Q: 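Please see the structure below; I have some questions.
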Number of protein chains: 2
Amino acid sequence: MLYAGFMSAAPPPIPTPQEPVDHPELLQLGTALEADEPCLRADAARNRARLLEAAARLVAERGAEAVTMEAVAAAARVGKGTVFRRFGDRTGLLTALLDHSEKKFQAAFLGGPPPLGPGAPPVERLRAFGCALLRRSSDELELQLAAEPSANRRFVNPARRVLRHHVEMLLRQAVPGADCELLAHTLMGQLDPALVHHLTRQCGIPLSRLEVAWIDLVDRVTGARPAC
Amino acid sequence: MLYAGFMSAAPPPIPTPQEPVDHPELLQLGTALEADEPCLRADAARNRARLLEAAARLVAERGAEAVTMEAVAAAARVGKGTVFRRFGDRTGLLTALLDHSEKKFQAAFLGGPPPLGPGAPPVERLRAFGCALLRRSSDELELQLAAEPSANRRFVNPARRVLRHHVEMLLRQAVPGADCELLAHTLMGQLDPALVHHLTRQCGIPLSRLEVAWIDLVDRVTGARPAC
DNA sequence: AACAAAACTGGACCGTGGTCCGGTTAGGAT
DNA sequence: ATCCTAACCGGACCACGGTCCAGTTTTGTT
């Protein structure tokens with residue numbers, strides 16, 4: 001399996017749901033693409049399948065919003081606790097639903113034909129990667145968003161919009177020819193509090209490195225690099 | 001007021017909490033910096049102050065996690081409904097708490113001295129802006145995160161990490177000298193499902209423009225621009 | 001001063017995510 | 001076939017965010 005789903009190896013040791021998320025480095029292709037489940041008791045596996053099927057049906061019939069843990073449990077004729085035991089939380093369930101297309105995509109850029117897969121020059125692969133991911137996201141948007149609560153509000157926050165507009169204005173002066181609106185989004189992404197938290201607190205990256213990276217990014221984007 | 005807080009003009013017309021978030025374009029400086037509240041009934045204003053004070057106390061004493069709507073209401077000796085009426089939701093309350101430093105920061109980059117404020121060349125202002133914002137975020141991280149539930153998990157998602165690692169690898173080949181780890185974060189930000197949703201669904205930007213912007217970004221970052 | 005409309009208050013109420021634990025079942029060992 | 005243990009199941013239970021509305025208070029008008 002390429003990456004056998006969110007909860008493939010996690011839930012068995014349930015007493016400690018605090019697994020430190022070890023690095024499951026992208027294992028090179030070659031392993032089966034459809035070994036969906038590791039070592040699950042027969043009834044457990046059956047229930048898992050029923051739950052995923054029920055969830056998919058709910059999404060199809062009544063939208064991702066209707067995918068309530070209780071509703072899924074009821075639709076699958078299963079206790080609520082079972083859903084949580086299997087998938088951890090709502091996010092886990094939604095992620096498992098996305099897993100299939102996830103794997104397909106991983107296969108495409110890890111081992112598929114160029115320019116997405118290996119064989120093309122890196123810059124070209126990068127271009128193709130983004131476009132492919134944009135299209136994929138655009139399809140499964142509903143699920144992707146449902147798996148990340150409050151993601152909808154992230155860009156409507158007035159305070160952040162003020163900041164972004166400021167960056168956009170500066171960009172217009174610095175690189176008049178570019179799509180400054182979208183470029184501003186990119187730059188602001190680098191300053192997102194959640195990212196800062198992740199990098200500094202969880203990854204231990206010092207703030208100074210973030211600052212250097214920011215300045216480097218500005219220079220690259222505006223073409224203001226000393227050596228060019 | 002620079003930007004008088006999340007709920008400055010919103011809550012009075014309560015029957016329609018669906019305000020379409022009109023563009024409160026960054027009003028140029030000059031207006032008072034401390035006109036905290038618009039036209040609020042005396043008791044309402046008093047309760048608002050008590051709520052904010054209580055919330056701040058809770059944050060200080062027991063962390064942002066303890067800032068529960070019910071707890072704040074109780075600590076302020078006020079009904080739960082009042083909290084929601086005043087601040088809309090939890091996010092609104094946390095945002096209001098952040099408002100003060102928000103305003104200070106806005107004043108700094110809108111009208112303060114260079115290089116943050118006007119007067120310096122745009123690229124330099126951009127550099128300063130990022131560094132300043134990084135420092136600010138780093139301070140109020142806890143609140144910033146609390147205001148955005150599930151932001152912590154955003155970068156730990158294994159599936160996304162695979163994608164990011166892929167981008168990072170390609171970047172290492174394309175721009176060996178750069179901080180590819182952070183650069184990969186930046187690029188992935190442009191492909192974030194939440195952003196794609198916001199831009200395409202809420203702003204009506206066609207996917208093709210996102211693709212063009214992505215390719216442009218890749219070219220800028222890797223220095224692969226045709227005209228350089 | 002008296003009144004009416006508008007605005008505010010508070011707490012009961014609901015749905016959902018998530019936890020817990022006694023009872024049950026699967027599946028290997030004998 | 002029988003037994004034992006670990007894994008699993010289900011649903012009662014809890015906390016929190018958010019809604020609602022009857023009753024109260026403020027404010028402007030006459």
Side-chain angles (χ1 to χ4, degrees), chain A residues 7 9-18 37-51 54-55 58 62-95 146-150 152-153, chain B residues 7 9-18 37-51 54-55 58 62-95 146-150 152-153:
Chain A
M7 306 296 285
I14 292 128
T16 57
Q18 311 296 69
E37 268 318 292
C39 45
L40 217 50
R41 231 171 69 172
D43 53 346
R46 190 201 52 192
N47 278 351
R48 183 183 197 277
R50 281 169 62 174
L51 282 169
L58 277 180
R62 297 167 41 200
E65 187 189 7
V67 180
T68 243
M69 296 303 255
E70 229 165 305
V72 172
R77 307 301 210 76
V78 147
K80 197 175 162 185
T82 305
V83 192
F84 282 95
R85 160 168 291 265
R86 193 54 50 208
F87 298 103
D89 57 6
R90 201 182 121 99
T91 296
L93 173 58
L94 275 322
T95 303
E148 191 181 334
S150 87
N152 8 343
R153 292 184 172 91
Chain B
M7 307 296 283
I14 291 128
T16 57
Q18 312 294 70
E37 268 318 292
C39 45
L40 217 50
R41 235 172 65 173
D43 54 346
R46 189 201 53 195
N47 277 352
R48 183 182 198 281
R50 281 168 63 174
L51 282 169
L58 277 179
R62 297 166 42 199
E65 187 189 7
V67 180
T68 240
M69 296 304 255
E70 234 166 302
V72 172
R77 307 299 210 78
V78 145
K80 198 175 163 185
T82 304
V83 193
F84 282 95
R85 158 167 290 264
R86 193 54 50 207
F87 298 103
D89 57 7
R90 201 181 121 98
T91 297
L93 173 59
L94 276 322
T95 304
E148 190 181 335
S150 87
N152 9 342
R153 291 184 172 89

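The analysis underlying the following values was restricted to heavy atoms, covering all of them including side chains, and did not include hydrogens, waters or symmetry mates. We name chains A, B, ... by the order of the sequence lines, and we start the count at 1 in each one. Quick caveat, the model's predicted, so the values are computed rather than measured.
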Q: Where the side chain of B/Arg90 is defined as all heavy atoms beyond and including C-beta, which of C/dT9, C/dA26, D/dG18 is the nearest nucleotide?
A: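 Nucleotide nearest to B/Arg90's side chain: D/dG18.
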
Q: Check whether any side-chain N or O of A/Thr82 sits under 4.0 Å from OP1 or OP2 of D/dG10, and answer yes or no.
A: yes

Q: Output the rounded distance in Å from CZ (B/Phe84) to P (C/dA12).
A: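 So the CZ-P distance, B/Phe84 to C/dA12, works out to 16 Å.
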
Q: Hey, could you give me the CZ/CG distance between B/Arg86 and B/Leu93, rounded to the nearest 0.5 Å?
A: 12.0 Å

Q: Of the options C/dG10, D/dG10, D/dG18, whose atoms approach the side-chain atoms of B/Asp89 most closely?
A: D/dG18

Q: If I take atom CD in residue B/Glu70 and atom P in nucleotide D/dA15, what distance separates them, rounded to the nearest angstrom?
A: 10 Å

Q: If you only use heavy atoms from C-beta on, which nucleotide in D/dG18, D/dC9, C/dT16 is closest to the side chain of B/Lys80?
A: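 Per side-chain heavy atoms of B/Lys80, the pick is D/dG18.
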
Q: Give the rounded distance in Å between these two atoms: CZ of B/Phe87 and P of D/dG17.
A: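 Checked: the CZ to P distance equals 14 Å.
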
Q: Within the supplied structure, the quantity of interest is the number of heavy atoms (other residues, nucleotides, ligands) at a distance under 6.0 Å from A/Arg50 CZ; does it exceed 12?
A: yes

Q: With a 4.0 Å cut-off on heavy atoms, is A/Thr68 in touch with a base, just the backbone sugar-phosphate, or nothing at all?
A: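 A/Thr68: backbone/sugar contact only, no base atoms under 4.0 Å.
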
Q: Could you check which of C/dG17, C/dT9, C/dG27 has an atom nearest any side-chain atom of A/Ala42?
A: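 Of the options given, the side chain of A/Ala42 lies nearest C/dG27.
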
Q: What's the closest nucleotide to the side chain of B/Ala44 if the choices are C/dT9, C/dA26, D/dC16?
A: C/dT9

Q: Does B/Arg62, at its CZ atom, have more than 12 non-hydrogen atoms belonging to other residues, nucleotides or ligands within less than 6.0 Å?
A: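 Counting other residues, nucleotides and ligands, CZ of B/Arg62 stays at 12 neighbours or fewer.
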
Q: Can you check the B/Arg85 CZ to C/dA6 C1' distance for me, whole Å?
A: 11 Å

Q: Can you figure out which of C/dC8, C/dA26, C/dG17 approaches the side chain of B/Arg86 most closely?
A: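 Shortest atom-to-atom distance from the side chain points to C/dC8.
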
Q: Measure from CG on B/Leu51 to P on C/dG10 and round the result to the nearest Å.
A: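 Distance check: B/Leu51 CG to C/dG10 P gives 9 Å.
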
Q: Check whether any side-chain N or O of A/Asn47 sits under 4.0 Å from OP1 or OP2 of D/dC8, and answer yes or no.
A: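 Answer is no, no contact under 4.0 Å.
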
Q: When you get a sec, tell me which of C/dT9, D/dG10, C/dT16 is the closest nucleotide to the side chain of A/Val78?
A: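 Looking only at side-chain atoms, A/Val78 lies closest to D/dG10.
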
Q: Hey, which of these two, A/Val67 or A/Gly81, hits DNA chain C nearer its 5' end, going by closest nucleotide?
A: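 Here A/Val67 is the residue nearer the 5' end.
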
Q: Let me confirm one number: the CZ-CE distance from B/Arg90 to B/Met69, rounded to the nearest 0.5 Å.
A: 8.0 Å

Q: Please give, in whole Å, the distance from C/dT9 C1' to B/Arg50 CZ?
A: 12 Å

